[in-house]
Amino acid sequence: MGYLGRAAWGCVVVLLAACGSSTGGTTNAGQSAGHPFACGSLQCDSATQYCSIVTGGVALPEGGSNTWYSCASFDGGKGCPGGSSATSPGQCGCYQSSSGEVTNTECVP
């Protein structure tokens, strides 16, 4: 498994051990390699992550956007769970593109 940590001076330290590294179309674990895709200002990896968007809730005092983006690791299977489908990314629910990019948008009232 990989380890991601921060050194005392704020640099990101990544140690890889038994992780699938990408070499073209497949990883060394034999799984399909993903590709980066946009998630707000972030880049998620379509093979291991989905874009998680939380939007809505209490209005911000300055009137700015009340939306948060993060790249989250798939928990178990890859793709959208049944019954939570959206027809486009950013729409409430889960959307999976034809190229394998998964976006899950939670709309908070």
Side-chain angles (χ1 to χ4, degrees):
M1 293 304 222
Y3 171 78
L4 174 65
R6 278 195 193 275
W9 56 89
C11 294
V12 174
V13 178
V14 179
L15 302 174
L16 297 176
C19 291
S21 63
S22 179
T23 55
T26 60
T27 65
N28 64 5
Q31 299 174 348
S32 294
H35 59 274
F37 69 100
C39 178
S41 62
L42 305 172
Q43 291 287 311
C44 299
D45 179 351
S46 66
T48 59
Q49 299 175 313
Y50 65 93
C51 176
S52 177
I53 304 170
V54 179
T55 187
V58 178
L60 298 176
E62 69 277 0
S65 175
N66 203 7
T67 303
W68 297 273
Y69 299 88
S70 65
C71 294
S73 295
F74 287 111
D75 185 21
K78 181 181 176 209
C80 293
S84 66
S85 63
T87 57
S88 65
Q91 201 178 48
C92 298
C94 185
Y95 173 77
Q96 184 167 357
S97 75
S98 60
S99 59
E101 300 162 358
V102 176
T103 302
N104 188 47
T105 304
E106 180 181 346
C107 298
V108 180

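In this chain, numbering begins with 1 at the start of the sequence shown.
Remark: Ser46 engages His35 in a side chain to side chain donor-acceptor pair (under 3.5 Å) (not counting sequence neighbours). Every side chain to side chain donor-acceptor pair (under 3.5 Å) that Thr87 has, sequence neighbours left out, goes to Gln91. Annotation: side-chain contact (heavy atoms from CB on, under 4.5 Å) contacts of Tyr95 (sequence neighbours excluded): Ala86, Pro89, Ser97. The side chain to side chain donor-acceptor pair (under 3.5 Å) test applied to Gln49 returns no partner, not counting sequence neighbours. In this structure, the side-chain contact (heavy atoms from CB on, under 4.5 Å) partners of Cys107, at least two apart in sequence or on a different chain, are Thr55, Cys92, Thr105.
Through direct or indirect side-chain contacts shorter than 4.5 Å among Ile, Leu, Val, Met, Phe, Trp and Tyr, Val58 is connected to no other residue.
In this structure, CD1 on Ile53 lies 8.5 Å from CG on Asn104, to the nearest 0.5 angstrom.
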Using residues 36-45 as the side-chain source, report each donor-acceptor pair under 3.5 Å to any protein atom, sequence neighbours left out, with the distance given to one decimal.
from: Asp45; atom 1: OD1; to: Ala47; atom 2: N; distance (Å): 3.0

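The heavy-atom pair separating Cys80 from Val102 by the smallest distance is SG-CG1, 4.1 Å.
Pairs engaging residues 39-61 under the ring pair (Phe, Tyr, Trp, His ring centres under 6.0 Å) rule: Tyr50-Phe74 [sequence neighbours left out].
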